[in-house]
Amino acid sequence: MKRSNTPSKLSPQRGARIALLLSGCCAVCTLTVTGLLPRPLFDALFLCGLLVLSARRIRVVLPHMTPRQREWLYVWVYVPLFCFFLPGSALWRDTEAGLGERIRTPAYVAVAFLFIAAHIFYFLYKNKPKMRKKIVAGNWKMNTLPAEGAELAKGIVAQRATAPAEVNFIVCPPFTHLSQVAEALKGSNIALGAQNCAAEEKGAYTGEVSAAMIAALGCRYVILGHSERRQYYGETSETLNLKMARAYAHGLTPVYCVGENLEEREAGKHFDVVKAQIEEVVCNLTPEQFADLVIAYEPVWAIGTGKTATADQAQEIHAFIRKVLADKFGAAAAETPILYGGSCKPSNAAELFAKEDVDGGLIGGAALKAEDFLGIGQGFAK
Ligand code: PGA
């Protein structure tokens with residue numbers, strides 16, 4: 001007979017824990033039935049057991065839920081708990097029964113409610129993918145010399161522990177520094193990205209740098225469609241489609257930038273502009289490619305100006321972007337990290353990142369100082 005190589009889900013430790021728990025339960029029940037254990041003590045043990053089980057269920061599913069879903073969980077779990085418990089105990093206040101008798105029924109009702117609610121949420125969310133990646137990416141633009149860049153990268157690595165472990169940091173230095181920065185990042189969990197790549201695979205394209213070249217230097221990401229490239233180097237959706245294809249062909253994850261300029265914002269056209277930038281490029285991707293994409297919303301009027309979009313403005317357009325993506329790619333859009341860019345700094349990161357659809361930042365100026373860059377990542381901890 002063929003033996004299965006799949007390891008059993010019941011490890012010896014888990015089996016022993018379950019056996020211990022069952023024997024404990026049997027012992028407590030026997031002691032109560034024979035009158036050796038007072039009933040209130042039995043109640044307290046039993047209810048505490050249910051509370052611990054419920055709390056464990058909740059802990060397991062929390063990482064699979066969005067902040068909004070968590071709020072619902074808290075409403076369904078905690079508010080009814082108090083509503084049941086407080087009036088419930090008041091109701092029994094005037095009877096002859098002792099305290100234990102008086103609170104028994106409401107306590108059982110409340111804990112049963114919590115237990116059921118925890119299990120409903122558990123079965124609803126346990127198989128859902130974990131929440132979106134949190135990303136803080138530094139776009140160094142045309143700043144620093146190679147040695148300075150390597151120093152900056154070393155500083156970021158040295159202070160990495162000051163920011164929450166679950167934040168994914170990416171640094172995108174100029175092409176000329178990629179090797180040295182890759183060396184400085186070795187052994188750390190900070191990823192390397194480039195700021196651009198050529199639309200062509202290879203050949204007679206003087207001055208261009210191909211996706212294959214940056215991938216060979218250790219890049220995992222590439223910023224595409226940054227507003228400065230659209231504005232100063234005439235990048236269009238047509239070129240960006242080619243660049244995206246090149247990036248995917250070499251295993252790079254594009255950080256695709258969208259955003260309106262001041263005139264467009266003032267004319268109330270920002271939704272249309274961003275929608276077109278997405279539809280003309282992102283909507284041409286295959287579902288597999290789409291699953292490996294980061295979007296950065298960067299209002300041009302906020303880039304390098306010190307003027308930030310308010311957290312509500314950012315949330316409004318991020319949610320809109322997610323809806324445009326969902327119209328094309330369905331549920332997969334819930335997994336796409338959408339970063340905010342434009343004068344993001346340690347002092348405003350927490351407020352921006354607290355918004356449901358803001359999954360991090362694409363940082364320019366503040367990415368040039370290790371403390372500020374990591375300080376932005378700390379925005380996720382607040
Ligand atoms: P900024 O730049 O943070 O300096 O405004 C952001 C960007 O252009 O990516």
Side-chain angles (χ1 to χ4, degrees), residues 134-144 148-149 152-153 156 163 167-175 177 181 190-197 214 219 221-235 240 243 247 252-262 264-265 270 273-274 277-278 281 293-311 313-314 317-318 321 337-353 355 358-380:
K134 298 172 170 129
I135 298 177
V136 174
N139 173 11
W140 296 3
K141 306 194 180 181
M142 199 170 70
N143 291 301
T144 69
E148 293 164 348
L152 174 55
I156 295 171
V167 181
N168 297 275
F169 285 98
I170 306 168
V171 292
C172 305
F175 291 133
H177 311 10
V181 171
I190 296 161
L192 185 66
Q195 298 171 22
N196 183 27
C197 72
I214 59 175
C219 286
Y221 294 86
V222 60
I223 300 174
L224 291 177
H226 191 281
S227 62
E228 286 152 16
R229 300 227 38 106
R230 293 182 193 259
Q231 193 181 340
Y232 307 136
Y233 302 97
E235 264 185 16
L240 287 167
K243 291 188 176 198
L252 297 162
T253 303
V255 179
Y256 179 69
C257 305
V258 296
E260 79 286 354
N261 61 32
L262 187 58
E264 290 159 342
R265 164 71 59 168
H270 45 297
V273 170
V274 165
Q277 288 169 337
I278 289 180
V281 178
L293 173 74
V294 177
I295 302 254
Y297 165 69
E298 301 202 303
V300 179
W301 46 272
I303 295 179
T305 57
K307 204 172 163 192
T308 325
T310 64
Q313 281 174 327
I317 200 136
H318 280 226
I321 291 171
I338 306 180
L339 315 183
Y340 168 80
S343 300
C344 184
K345 39 191 183 274
S347 58
N348 59 21
E351 199 190 345
L352 286 159
F353 297 170
K355 292 293 174 186
V358 181
D359 306 311
L362 179 55
I363 320 299
L368 297 171
K369 261 191 171 173
E371 308 82 67
D372 288 352
F373 184 53
L374 294 163
I376 290 172
Q378 286 160 13
F380 278 112

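Along the sequence shown, residues are numbered consecutively beginning with 1. Read the numbers this way: they start at 1 and go in the same order the structure lists the ligands and their atoms.
Geometrically, ligand 1 and E298 share a nitrogen or oxygen pair separated by less than 3.5 Å. Residue contacts with ligand 1: I363 is placed with no nitrogen or oxygen under 3.5 Å of a nitrogen or oxygen of the ligand (distance criterion only). Annotation: G341 places no N or O atom under 3.5 Å from an N or O atom of ligand 1; distance criterion only. Checked by distance only, ligand 1 and T305 stay at 3.5 Å or farther apart across all their nitrogen or oxygen atoms.
Not a single donor-acceptor pair under 3.5 Å links the side chain of N168 to the backbone N or O of I135. In this structure, Y340 contributes its side chain and A309 its backbone to a donor-acceptor pair below 3.5 Å. With hydrogens and angles ignored, the 3.5 Å screen pairs a side-chain donor or acceptor of E264 with a backbone N or O of N261. In this structure, the side chain of Q195 does not engage the main chain of N139 through any donor-acceptor pair within 3.5 Å. Between the side chain of H177 and the main chain of T144, a donor-acceptor pair closer than 3.5 Å is present. Side chain of R230 to main chain of E235: no donor-acceptor pair is present (N/O by atom type, distance under 3.5 Å, no hydrogens or angles). Of the possible polar contacts, none joining the S343 side chain to the T308 backbone as a donor-acceptor pair under 3.5 Å is found. Checking side-chain atoms of E260 against main-chain N and O of R265 turns up no donor-acceptor pair under 3.5 Å.
Taking a cut-off of under 4.0 Å to the non-hydrogen atoms of A302, the atoms of ligand 1 that pass are 5 (O). If you number the atoms of ligand 1 from 1 as listed, the ones under 4.0 Å from a heavy atom of N139 come out as 9 (O). Within ligand 1, the atoms closer than 4.0 Å to a non-hydrogen atom of G365 are 1 (P), 3 (O), 4 (O), numbered from 1 in the order shown.
For the pair H226 and ligand 1, a heavy-atom separation below 4.0 Å is found. Put simply, part of G304 is less than 4.0 Å from ligand 1, judged by heavy atoms. Heavy atoms of A366 come nearer than 4.0 angstrom to ligand 1 in no pair at all.
Under 4.0 Å from ligand 1, heavy atoms of I303 appear from its side chain as well as its backbone.
G364 N, 2.9 Å is the protein heavy atom nearest to atom 3 (O) of ligand 1.
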